[in-house]
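Accompanying notes for the structure given below.
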Amino acid sequence: MEKLRTVRGVHDLLPNELHKHNIVINAGLEISDKYNYSQIETPIFEFSEVFTKPLGMSSDIVTKENYIFKDRSEDELMLRPEGTSGVVRAFLNAGLVQDVPQRFSYYGPMFRYERPQKGRLRQFKQIGVECLGLSSSMADIEVISLGHDFLNKLDLLDKINLTINTLGDFESRQKYRDALINYLKGYQTKLSKDSIRRLSINPLRILDSKDPDDQKIIKHSPNILDFLNFESKIRFEEICKGLDHLNIKYNIDKNLVRGLDYYCHTAFEFVTNELGTQGTVLAGGRYDGLSKMLGGSDIPGVGWAAGIERLSLMISSEFVKQTDVVLMGQAESFNYLLLPIMKKLIQEGIKSEIIYTGNFSKKFKRANKINASYAIILGEEEINDKIFKFKNLKSGIEELLNLDQIIKKLKN
RNA sequence: GCGGGUGUAGCUCAGUUGGUUAGAGCGCGGGUUUGUGGUACCUGAGGUCGCCGGUUCGAAGCCGGUCACUCGCCCCA
């Protein structure tokens, strides 16, 4: 038995859990469709560069969490760690640059070789949206509003807070980065080990360090908002104004940063404190540089991705198996006679199951277990008259009817 | 990748300072009910005590390793 198990951080989805995933997915796809985002699907593996180029070599996703392998033709491939790069690649590939804006939604499995935790798996599912070809801040607002409506649809907004920030454009960020490094170098001996390492790899990441000593230092660090150039500043103000206009509540957190290289300007996260340390439930931002990093033309984009497992941990819903009708015969030889009856019911859109084994007592127990509403009973008493005993399992009422009458009753 | 916790039946858990046939509740099977369920009662099956090794006359309980889960860090949805 020991050998028969899933690999670490990769789980089976039994009906009860899958049902919750599907609730999340359907809510997301539906609201996306209303916002006129069209569903797209890209392969779960790509040439490695599709991910390594845009994500950046400073990101752990690329350096230590990847599932890279060579196939039989020696191509270096990678299981996708996120959705955006593949969607943008598909967009470029299909020549849709000629036809912007394009609005996409997607969902599917992603893969990261991480240490598993609750709400963090090695194979996990994300649902996301991407709006390509619009540089206007309106697109950012639209996308956040879509995410907000999605979470509202799942009735989770009272447990989730929206935090936003801006990273500015490349110029602003570069200036800020220099100022930040300059400031932090003064505290180099007091910073945590992780942060000293970040100082050379990804200094902005120090801003959301959880180390209490780091936080004291960060408290007085330069503020990104002071380094924004005019354009970046206006753009951020527009977004705040737009969210206000939609009555979407948010906090500005100057220390909210993004780990992936392709982000710029708007960054946002919907976070809950119900899932411990894995509280980010939906997050995204603007990624104007991504298309170019992939070797395409300069196409702006903004989007988000949400963790399906994390959201499904938060929704309360139980999968209860429902069956419209069960069919049972008195003896095993009656099962053959029930087969065409069941087929007819199914054609009428009625969810049916023949209970093949056991005596009537056992068959009724089975009927209860699968939550059947009605039973069609065929025994020696009925068979000659071409009728059935039709029993309402909730009320216990039984009547003798022919098949047409039964179907009529079931469809009323 | 780093640090802490946990691991006994399908599920939730008991198991006294190591002592002989490892328990309970729920669930599952059979029966009370040879054409009728959801309740009740009776009854049965199911565990190499995560895995490997060590200490011991003797290990579910101690020690070491390993795997998985879990909490935090890293990172991220």
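First the proteins, then the strands, lettered A, B, ... as listed; each starts at 1.
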Distance check, [atom1] atoms only: [N] and [M], in whole angstrom units.
{"N": "B/rA24", "M": "B/rA9", "atom1": "C1'", "value": "11 Å"}
{"N": "B/rG46", "M": "B/rG23", "atom1": "C1'", "value": "14 Å"}
{"N": "B/rG5", "M": "B/rA77", "atom1": "P", "value": "31 Å"}
{"N": "B/rG50", "M": "B/rC67", "atom1": "C1'", "value": "8 Å"}
{"N": "B/rG35", "M": "B/rC42", "atom1": "P", "value": "27 Å"}
{"N": "B/rC49", "M": "B/rA40", "atom1": "C1'", "value": "34 Å"}
{"N": "B/rG7", "M": "B/rA14", "atom1": "P", "value": "9 Å"}
{"N": "B/rG47", "M": "B/rU8", "atom1": "C1'", "value": "8 Å"}

At 4.0 Å (heavy atoms only), tell me whether [X] reaches a base, stays on the sugar-phosphate, or touches nothing.
{"X": "A/A305", "answer": "sugar-phosphate"}
{"X": "A/I377", "answer": "base"}
{"X": "A/K193", "answer": "nothing"}
{"X": "A/L393", "answer": "base"}
{"X": "A/G147", "answer": "nothing"}
{"X": "A/I201", "answer": "nothing"}
{"X": "A/K118", "answer": "sugar-phosphate"}
{"X": "A/G128", "answer": "nothing"}
{"X": "A/N368", "answer": "base"}
{"X": "A/G119", "answer": "base"}

For B/rC73, take OP1 and OP2 only and decide whether either is under 4.0 Å from a side-chain N or O of A/T277.
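Yes.
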Q) Is the phosphate of B/rG29, meaning OP1 or OP2, less than 4.0 Å from a side-chain N or O of A/K369? A)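 For B/rG29, OP1/OP2 do have a side-chain N/O of A/K369 under 4.0 Å.
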Measuring from the side chain of [X] (C-beta onward, heavy atoms only), which nucleotide among [options] has the closest atom?
{"X": "A/Q126", "options": "B/rG37, B/rA77, B/rC28", "result": "B/rA77"}
{"X": "A/R115", "options": "B/rC73, B/rC2, B/rG35", "result": "B/rC2"}
{"X": "A/R8", "options": "B/rG38, B/rC28, B/rA68", "result": "B/rA68"}
{"X": "A/K389", "options": "B/rG38, B/rA77, B/rG35", "result": "B/rG35"}
{"X": "A/Q278", "options": "B/rA77, B/rG37, B/rC75", "result": "B/rC75"}
{"X": "A/R198", "options": "B/rC75, B/rG38, B/rC73", "result": "B/rC75"}
{"X": "A/K210", "options": "B/rC74, B/rA77, B/rG35", "result": "B/rC74"}
{"X": "A/K362", "options": "B/rC73, B/rC71, B/rG30", "result": "B/rG30"}
{"X": "A/Q117", "options": "B/rC73, B/rU36, B/rA77", "result": "B/rC73"}
{"X": "A/E381", "options": "B/rG35, B/rU70, B/rC28", "result": "B/rG35"}

Rounded to whole angstroms, how far apart are [atom1] on [X] and [atom2] on [N]?
{"X": "A/N335", "N": "B/rG35", "atom1": "CG", "atom2": "P", "answer": "17 Å"}
{"X": "A/D211", "N": "B/rC75", "atom1": "CG", "atom2": "C1'", "answer": "16 Å"}
{"X": "A/E82", "N": "B/rA77", "atom1": "CD", "atom2": "C1'", "answer": "11 Å"}
{"X": "A/H21", "N": "B/rA77", "atom1": "NE2", "atom2": "C1'", "answer": "13 Å"}
{"X": "A/R120", "N": "B/rC76", "atom1": "CZ", "atom2": "P", "answer": "11 Å"}
{"X": "A/L14", "N": "B/rC11", "atom1": "CG", "atom2": "C1'", "answer": "13 Å"}
{"X": "A/N16", "N": "B/rC11", "atom1": "CG", "atom2": "C1'", "answer": "13 Å"}
{"X": "A/R205", "N": "B/rC74", "atom1": "CZ", "atom2": "P", "answer": "9 Å"}

Looking at [N], which nucleotide sits across from it as a Watson-Crick or G-U wobble partner, both distances under 3.5 angstrom, or is there none?
{"N": "B/rG29", "answer": "B/rU43"}
{"N": "B/rG61", "answer": "none"}
{"N": "B/rU66", "answer": "B/rG50"}
{"N": "B/rG1", "answer": "B/rC73"}

Original post:
If you pin A/Y113 and A/S209 to their nearest nucleotides in RNA chain B, which one's is more 5'?
Top reply: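 Result: A/Y113.
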Here's a test of your reading of the structure: between A/L121 and A/V7, which maps to the more 5' nucleotide of RNA chain B?
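Closest to the 5' end, via its nearest nucleotide, is A/V7.
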- Message: Tell me if the centroids of the rings in A/F47 and A/F51 come within less than 6.0 Å of each other.
- Response: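 For A/F47 and A/F51, the ring centres are not under 6.0 Å apart.
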Point to revise | NZ or CZ of A/R122 within 45° of A/Y113 ring axis and under 6.0 Å | key: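 Flagged: A/R122 positioned over aromatic ring of A/Y113.
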So, is the end of the A/K363 side chain (NZ or CZ) under 6.0 Å from the ring centre of A/Y356 and within 45° of the ring's axis?
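Pair A/K363/A/Y356 does not count as cation-pi.
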Problem set entry | Ring-base stacking, A/F364 with B/rG38 (5.5 Å, 30° cut-offs) |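 Per 5.5 Å and 30° rule: no stacking.
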Could [X] and [Y] be called an ion pair, given the rule that one side-chain N must be under 4.0 Å from one carboxylate O?
{"X": "A/E76", "Y": "A/K70", "answer": "no"}
{"X": "A/E46", "Y": "A/R80", "answer": "no"}
{"X": "A/D178", "Y": "A/K175", "answer": "no"}

Distance-minimising heavy-atom pair for [X] and [Y]:
{"X": "A/E309", "Y": "A/F124", "answer": "OE2-CA, 3.3 Å"}
{"X": "A/E82", "Y": "A/Y262", "answer": "OE1-OH, 2.6 Å"}
{"X": "A/R286", "Y": "A/A139", "answer": "NH2-CB, 3.7 Å"}

Could one point to a donor on the side chain of A/E398 or the base of B/rG35 with an acceptor on the other under 3.5 Å away?
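Checked by distance alone, the answer is no.
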Is any side-chain N or O of A/K363 under 3.5 Å from a base N or O of B/rU36, one able to act as donor and the other as acceptor?
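Answer no: no donor N or O sits under 3.5 Å from an acceptor.
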* Between A/Q330 and A/E380, is there a donor-acceptor pair closer than 3.5 Å when you use the side chain of the first and the backbone of the second? ->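 Yes, because the side chain of A/Q330 sits within donor-acceptor range (under 3.5 Å) of the backbone of A/E380.
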Using O4'-C1'-N9-C4 for purines and O4'-C1'-N1-C2 for pyrimidines, with syn meaning within 90° of 0, is B/rG61 syn or anti?
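Because its glycosidic torsion lies within 90° of 0, B/rG61 adopts the syn conformation.
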